[in-house]
> 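Let me give you the structure first, and then I'll get to my questions.
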Amino acid sequence: METTTYCDRCGRPDADGPHDACRAARAMEPPRYCPACRRRMIVQVTPLGWTARCSEHGETRG
Amino acid sequence: MTDILDVARRQVLDEGRGLSASQVLDCLNLPDDRLKDLLALAHDVRMRWCGPEVEVEGIVSLKTGGCPEDCHFCSQSGTFQSPVRSVWLNIPELVEAAKETAKTGATEFCIVAAVRGPDERLMKQVREGVAAINAAVDINIACSLGMLTQEQVDELAAMGVHRYNHNLETARSHFPNVVTTHSWEERWDTLRMVKDAGMEVCCGGIIGMGETREQRAEFAGQLAELEPDEVPLNFLTPRPGTPFADRPLVEGAEALKTIGAFRLALPRTILRYAGGRELTLGDFGTREGMLGGINAVIVGNYLTTLGRPAEQDLELLTELEMPIKALSKTL
Ligand code: SF4
Ligand SMILES: [Zn+2]
Ligand SMILES: [Zn+2]
């Protein structure tokens, strides 16, 4: 079974790349879209970290 | 013709009188081969009138996104298709962020909310947040909550909020190209009230929003007229979904010229590196700016974007032999 994954910066399918600019930008940004379902995540940035939460796929931290 | 840097040496370095807008423009128009001289003079001015200390600050977003205003640079405006979703930070998380910030050596912690101005829900959260931070951490608390009423100004002052941030963002003549939902004058009114209430005023802006050099100089003159305690300088990082998404970054040399010129307009002000320096200046340019008039930094992350690691800034300050300003809490 083929599963689609998404760019966590722009929300478009990874296969619709290239996402080089997105990857470069992500060095200075938290993710915004869930890579599994492309929902916009709830993101909280704090001085020394960030959390990003998808209502379906849970939380990631950085 | 007299050289603007010779004039500035006498007027600003010796006498402590900042440059006027037209003099700032002369600095911004200097050829690139004079940049080094400009930065060296700006550094001398900073050392003479402010000293070697660097003020370190952390900022956190208490309420992110969903703002009704339309500031064209801002990913937190609810009026554009930005990927930033609305979220509130709870009090324990806020206190944790203040603790983390204090651990870096920072003496300032700024609580920011994406709003036109505070409503009662936000004021309550700020009230509880300020009390909880004061009970747990030794750090000065600043707030940035948009436009205020006189009552709100008085309440924040009474809470012990020692500094209030409200950016004019850009020159008055350029403001209508950046924001249409409120005016530059409305921002100015809030700043006057804050100042009159005895809170320290923090007011800066963003370079690179399509303003001309003349307008950059105009902005420096307007800030000098306000006499803020602190000016945070941001460089635009174009945010996806905003009207300014496709604007180019400010070039490094231009950004450094702006830093040097703003220091000469504001000899005694805390001039802080804020957002965008990482992309616009890189590591090398960041160092040059620290030796060109900057005397304060935001460490760590910003509100919706990330900064470079705090340690990197702290190591740089050590290397430059610039001590971190110690906490002096005025009660
Ligand atoms: S008022 Fe502040 S949060 Fe709201 S759109 Fe403008 S800059 Fe962004
Ligand atoms: Zn992408
Ligand atoms: Zn998901």
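Quick note on labels: first sequence line is chain A, next is B, and so on, each numbered from 1. Side chains included, hydrogens not; waters and symmetry mates left out as well; all remaining heavy atoms used.
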> Tell me, yes or no, whether the heavy-atom count around A:E59 atom CD, taken from other residues, nucleotides or ligands under 6.0 Å, exceeds 12.
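For A:E59, atom CD is crowded (more than 12 foreign heavy atoms under 6.0 Å).
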
> Answer yes or no: is there a donor N or O on one side and an acceptor on the other, between the side chain of B:N301 and the main chain of A:T46, under 3.5 Å?
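Checking the backbone N and O of A:T46 against the side chain of B:N301, a donor-acceptor pair under 3.5 Å is found.
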
> If you round to the nearest 0.5 Å, how far is OH of B:Y302 from CE of A:M28?
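That separation rounds to 7.0 Å.
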
> Select, from B:R308, B:K103, B:E278, B:R239, the one with the greatest count of heavy-atom pairs under 4.5 Å involving chain A.
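Counting heavy-atom pairs under 4.5 Å, the top option is B:R239.
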
> Checking B:S75 against chain A: side chain, backbone, both or neither under 4.5 Å from a heavy atom?
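Interface part for B:S75: neither.
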
> Which atoms of B:L89 come close to chain A, meaning under 4.5 Å heavy atom to heavy atom: side chain ones, backbone ones, both, or neither?
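Its backbone and side chain both get close to chain A.
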
> Mind listing the closest non-hydrogen atom pair of B:A310 and A:L48 along with its distance?
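Where B:A310 meets A:L48 most closely, the heavy atoms are CB-CD2, 4.3 Å.
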
> With distance as the sole test, does A:Q44 use its side chain to make a donor-acceptor pair with the main-chain N or O of B:S61 at under 3.5 Å?
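Such a contact is found between A:Q44 side chain and B:S61 backbone.
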
> Restricting to non-hydrogen atoms, name the atom on B:V60 and the atom on A:V45 that form the minimum distance, rounded to 0.1 Å.
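Heavy atoms of B:V60 and A:V45 come nearest at CG2-O, 4.0 Å.
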
> Contact part of B:T101 toward chain A, heavy-atom cut-off under 4.5 Å: side chain, backbone, both or neither?
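For B:T101, the contact with chain A is made by the side chain alone.
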
> With a 4.5 angstrom heavy-atom cut-off, which part of A:A27 approaches chain B: side chain, backbone, both or neither?
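For A:A27, the backbone is the part near chain B, not the side chain.
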
> Are more than 12 heavy atoms, taken from residues, nucleotides or ligands other than A:R12, located less than 6.0 Å from that residue's CZ atom?
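Not buried by this count: 12 neighbours or fewer within 6.0 Å.
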
> Heavy-atom pairs under 4.5 Å with chain B - which of A:R9, A:M41, A:R32 has more of them than the others?
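Result: the option with the highest number of such pairs is A:R32.
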
> Could you measure the distance from the OG atom of B:S86 to the CZ atom of A:R40? Nearest 0.5 Å is fine.
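Reported value, rounded in 0.5 Å steps: 9.5 Å.
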
> Can you list the steps and then say if A:V43 with B:R85 is a side chain to side chain contact (heavy atoms under 4.5 Å, CB included)?
CA-CA 7 Å; A:V43 179; B:R85 283 186 66 181; over 6 Å; no

> Which heavy atom of B:T304 sits nearest to which heavy atom of A:P30, and what is that distance?
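Residues B:T304 and A:P30, closest heavy atoms: O-CD, 3.3 Å.
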
> State whether the number of non-hydrogen atoms from other residues, nucleotides or ligands found under 6.0 Å of B:E251 atom CD is greater than 12.
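It does not: B:E251 CD has 12 such atoms or fewer within range.
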
